[in-house]
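For reference, the structure discussed in these notes is given below.
Both counts, for ligands and for their atoms, begin at 1 and track the order of listing.
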Amino acid sequence: MQNAAPASLNSKMRVDPSRILNTLVNNLNGMVYRCHHDTEWSMLFVSQGCYELTGYHAEEFLAQDGISYEQITHPDDRERVRDEINLAIQGGRRFTVHYRILCKDGQVKWVHESGMCVQDELGIPVIEGFMEDETQSMQMMEALENAEHYYRNLVENISVGIFQTSLEGKYLAANPALARIYGYDTAQELISALSDIGTQLYVEEGRRDEFRYQMQQNGEVANFESEVYRCDGSKIWISENAHVVRDVTGRFICYEGTVHDVTERKHHQALLERQANFDALTGLLNRNMLHKLLDQSIARSERLGYFLAVVFVDLDNFKIINDSLGHAAGDTLLVEVAARLKNCLRSTDIVVRQGGDEFVLVLNDHYRVQSVIGLLKRVLAEVGRPVNLSGREFQVGASLGVAMYPADGGDTMTLLKHADAAMYAAKNKGRNNFQFYTRELNRMADERLNLERAMRLALERDEFEPFFQPKVDAEKRIVGVEALARWDSAEWGMIPPDKFIALAEETGMIAALTDMILGKAFRQVAHWRAQQWPLQLAVNLSPKLFLKGGLPEHLSALARHAGLPQECIELEITENLFLGDDEQALQKLCDLKDAGFQLAMDDFGTGYSSLSYLRRFPLDIIKIDRSLVTGIEHEEEVAKIARAVISLGASLGKTVVAEGVENQAQFDYLRQQGCDEFQGYLFARPLHHEAMSALLLES
Ligand code: C2E
Ligand code: CA
Ligand code: CA
C-alpha cells in the first residue's frame with residue numbers, strides 16, 4: 001500500500017492527515033457526524049460507529065428516505081436537546097448534551113453528545129460533533145444514587161445507634177437513633193453537646209481509654225458494655241460494636257460503630273443474679289451461695305492455718321409465732337434476726353439464710369475456740385433481745401450447732417451435716433444454747449431418725465396409751481384426772497412424752513397420736529363414770545391441732561363415740577396458743593366452748609402470758625405451772641406470784657389448779673391462798689388405768 005512507506009523515508013513529509021483522521025473517526029467507540037441545523041438533523045456524514053451505537057447503518061441515515069436523527073432522539077428529550085444546542089450555537093459555544101435515543105432494536109440508550117456549529121467547505125453552517133453511549137455509566141450512577149439513598153434511609157431510620165467519632169473523643173457523625181438513645185432531640189444536638197466522650201458520656205472513669213486500648217490492640221471492639229449518662233443525667237447501659245476506619249494509605253480516619261441500649265437486659269440480669277444468690281426477704285445470701293462461699297473459706301483456712309466454724313442457727317419457737325401471729329409477723333421477725341446476726345459478726349464472716357427460720361454462719365479466721373465461743377454468746381444474746389411484733393414484745397431464742405474445720409470435717413458437705421446435727425443437740429438440750437459437734441451428737445441424730453421410724457410403727461401397733469394423774473380438791477378428794485400420753489414400746493419399754501411429743505408435732509404424727517390417746521382416755525373415763533366415779537377428764541391439745549379447722553366437730557364425735565359428755569372434758573391448751581391475741585384464736589376457743597367443752601390454760605406463768613387473755617378468752621380453768629409451785633415454801637418471790645395468780649383467777653371466776661404439788665407445805669400454802677384443785681406427786685404419779693382404778697377403789 002502507498003502509505004506503508006519504509007521508515008527510512010522522511011515520514012513527516014509522507015503523512016496523509018485525512019487518512020489518519022478517517023481511521024480514527026471510523027474506529028472510535030462512538031459516532032462522529034456532520035449534520036444540517038434543521039428540523040430533522042439531516043445527516044451529511046456519520047462514521048461507522050453509528051451502527052454499534054444506534055443499530056442503523058450509516059447509509060440509512062444518509063439515504064434520501066432513510067431514518068432521521070430527530071426520529072431516533074427520544075421523544076421526551078427532543079425539545080430539550082434542540083433548546084440546549086440552539087442556545088450554544090447562538091452563543092457561539094460548543095455544546096454538550098445528555099439524552100436518550102431509540103435504537104433500531106427498540107432499546108433505549110443514554111448518549112453523551114458534544115459538538116459545535118462550523119462552516120463547511122462551501123461556507124454553509126453545519127453541525128459537527130461526537131456522541132457516545134453512556135448507558136452503562138448512567139446506570140451505575142443511578143445505582144449509586146439508589147444505594148446512597150437506601151443507606152441514608154437505613155441509617156436515619158434504624159433503631160440501632162450509629163456513630164463516627166474522632167480519636168480525641170468528639171462525634172463526627174451520629175444517627176437519630178443514637179440521639180434518641182442518649183436522650184437528645186436530634187443528632188446535631190448530640191454532636192454539639194458531647195465534646196468529650198471520655199468524661200461526658202461514660203459513667204466509669206477510664207472507660208474511653210479501655211475502648212481506645214482495645215481498638216489499638218484489635219482494630220475493633222465487640223459487645224463493649226458500659227454505663228453511660230443520658231442528656232438528662234440518668235444512667236443507662238449500652239453495648240458498642242465498633243471498628244477503626246482507615247484510608248487507603250492506612251491513616252486513621254475515625255472510629256465507627258453501633259450502640260444498643262441494653263439497660264433492660266442488664267437490669268433483668270442483675271435481678272436474676274440477685275434472685276439466684278440472695279434471699280428476697282432478708283437480703284442475706286441464700287443457700288445457693290453457701291456451698292461456694294464455704295468452699296472458699298475452707299481453702300482460705302487451709303492456706304492461712306486458721307480454723308473456721310460453721311454454725312447452724314435455728315430459731316426456737318419460730319413456728320409458734322408464725323402460726324399464731326401470722327406470716328407478716330414471722331417475716332418481720334426473720335428480717336430483724338437477719339439484721340442482728342449480721343450486726344454481731346465481723347465483716348469477714350458470712351451469714352446465709354438457709355431457708356425457713358434456719359441460718360448458717362461461717363466464722364472465718366479463728367485460732368482459738370474461745371473466740372468462737374465469744375461470738376456464739378454474742379449471737380445468742382443478740383437474737384434473744386426482745387423483738388417488737390404486732391405491737392408487743394417477744395423474746396425468741398435460738399439453737400446453735402457448731403462444726404469446726406478441720407476437726408469436725410474436711411469438706412463443705414460434712415461440715416454442714418455435722419453443724420446441723422449439733423444444732424439438733426442444742427435443741428434437745430433445752431434450746432437457746434449452742435452445741436459443738438462431737439461423735440456423740442452424730443449418734444443422737446441417728447437416734448432421732450430411728451425414733452421417728454419407730455413412732456410410725458408404734459402408731460400402727462397401737463403402742464400409745466394414756467396414763468392418768470388424779471386431780472384433787474382441797475379435801476384431797478379425787479375430782480378428776482389428767483390423761484398423759486405414754487408410749488409402751490416393745491423395744492425400749494415405757495417412754496415419757498417429752499421424748500416423742502415434739503417429734504410427733506414436727507412430723508405431723510401428732511394428729512393420729514392425739515386421736516389414739518383421747519379415744520382411749522374418753523372411753524376409760526366414761527367407764528369410770530358409769531361405775532359411779534363422777535370424774536372430770538383433762539386432756540392436752542397440741543397447738544398444732546388447735547390451729548387446724550374442724551377441731552370442735554372432730555372432738556365432739558370422739559366424745560360421742562366414747563359415750564362421754566363434753567362437759568366432763570377439759571381441753572388443756574398452752575399459753576403459746578394465745579400469742580397472737582387475735583380474733584381467730586378467740587373464735588376457735590369460742591367454737592370449742594360452744595361445742596360444750598371446758599377450756600383450761602395449761603402451764604400458766606411460763607410463757608408470754610398476758611393477763612388480758614384471762615379476761616378476754618372464754619377460759620374455765622387456769623393451771624399454775626409447776627415452776628411457780630416448786631419452791632413456793634422457801635422463796636418469797638415465787639410465793640407472791642402464785643398468790644397473785646390465784647387471787648386473780650378467783651376474782652375472774654376461774655377454777656385455779658396447781659400442778660406439780662410435791663409436798664404438804666406446798667399443798668397447805670396453795671390451799672390457804674384459795675387454790676381450787678391440786679395435782680402432783682404428793683397425791684399420785686400418772687398411773688396406768690388399772691392402778692388408777694385401784695386408787696379410786698381405795699378412796
Ligand atoms: P403437762 O401437761 O404440764 O403435764 C404435767 C407433767 O408434769 C406430766 O409430765 C406429769 O407427769 C408431770 N408431773 C405431775 N405432777 C408432778 C410433780 O409433782 N412433780 C413433777 N416433777 N412432775 C409432775 P409428763 O407426763 O411427762 O408430760 C409432759 C408433757 O407432755 C405434758 O406436760 C404435756 O405438755 C405433754 N403431754 C403429755 N401427754 C400429752 C398428750 O396426750 N398430748 C399432748 N399434746 N401433749 C401431751
Ligand atoms: Ca397438761
Ligand atoms: Ca402443765
Pick one of side chain, backbone, both or neither for how [X] approaches ligand 1, counting any non-hydrogen atom pair under 4.0 Å.
X: Arg486; answer: side chain
X: Glu659; answer: side chain
X: Ile501; answer: side chain
X: Asp602; answer: side chain

Report task. Work out the angle at the Ca ion (ligand 2) between OE1 of Glu572 and OD2 of Asp602, rounded to 10°. Result -> 80°

Query raised in the report: Which angle, to the nearest 10 degrees, do you find at the Ca ion (ligand 2) between OD1 in Asn540 and OE2 in Glu482?
Result: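 The OD1/OE2 angle about the Ca ion (ligand 2) sits at 90°.
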
Query raised in the report: Checking only N/O/S atoms, does Glu659 have one that is under 3.0 Å from the Ca ion (ligand 2)?
Result: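 No N, O or S atom of Glu659 is closer than 3.0 Å to the Ca ion (ligand 2), so no.
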
Requested in this report: Kindly confirm whether the Ca ion (ligand 2) is within less than 3.0 Å of some N/O/S atom in Asp603?
Outcome: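 Of the N, O and S atoms in Asp603, none lies under 3.0 Å from the Ca ion (ligand 2), which means no.
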
Please verify whether a non-hydrogen atom of [X] lies at under 4.0 Å from ligand 1.
X: Pro496; result: no
X: Asp603; result: yes
X: Lys623; result: no
X: Glu482; result: yes

When you check the gap from the basic side-chain N to the acidic O, do [X] and [Y] get nearer than 4.0 Å?
X: Lys654; Y: Asp676; answer: no
X: Glu336; Y: Arg340; answer: yes
X: Asp620; Y: Lys593; answer: yes
X: Glu570; Y: Lys471; answer: yes

Report task. Give a yes or no on this: more than 12 heavy atoms of other residues, nucleotides or ligands lie within 6.0 Å of atom CZ of Arg385. Result -> yes

Under 4.0 Å from a heavy atom of [X]: give me the atoms of ligand 1 that qualify, with their elements.
X: Pro686; result: 11 (O)
X: Gln469; result: 14 (C), 15 (N)
X: Ile517; result: 41 (O)
X: Glu662; result: 17 (C), 18 (O), 19 (N), 20 (C), 21 (N)

So, regarding [X] and ligand 1 (criterion: nitrogen or oxygen to nitrogen or oxygen, under 3.5 Å), is there a contact or not?
X: Gln679; answer: no
X: Glu505; answer: no
X: Ala485; answer: yes

Requested in this report: For atom 35 (C) of ligand 1, state which one of Gly660, Pro497, Pro543 supplies the nearest heavy atom.
Outcome: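 Closest candidate by heavy-atom distance is Pro497.
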
Requested in this report: Look at the side chain of Arg529 and the backbone N and O of Leu535, then say whether any donor-acceptor pair between them is shorter than 3.5 Å.
Outcome: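 Confirmed, Arg529 side chain pairs with Leu535 backbone.
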
Query raised in the report: What class does the angle between the rings of Trp528 and Phe468 fall in, given that below 30° is parallel, 30 to 60° is tilted and above 60° is perpendicular?
Result: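 The arrangement is perpendicular - the two ring planes meet at more than 60°.
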
Query raised in the report: Ala398 and Asp316: which non-hydrogen atoms are nearest, and at how many Å?
Result: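 Of all heavy-atom pairs spanning Ala398 and Asp316, the closest is N-OD2, 3.4 Å.
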
Query raised in the report: Looking at CG of Leu513 and CD of Glu463, how far apart are the two atoms once the value is rounded to the nearest 0.5 Å?
Result: 12.0 Å

Report task. Please step through ring pair (Phe, Tyr, Trp, His ring centres under 6.0 Å) for the pair Phe667 and Phe683, ending with a clear verdict. Result -> CA-CA 10 Å; Phe667 177 53; Phe683 319 103; 5.3 Å; yes

Requested in this report: Step through it carefully: locate the ring centre of Phe312, locate the ring centre of Tyr424, and say whether they are under 6.0 Å apart.
Outcome: no

Query raised in the report: In a check of side chain to side chain donor-acceptor pair (under 3.5 Å) between Gln679 and each of Arg626, Gln469, Glu659, which one passes?
Result: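 Option passing the side chain to side chain donor-acceptor pair (under 3.5 Å) with Gln679: Gln469.
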
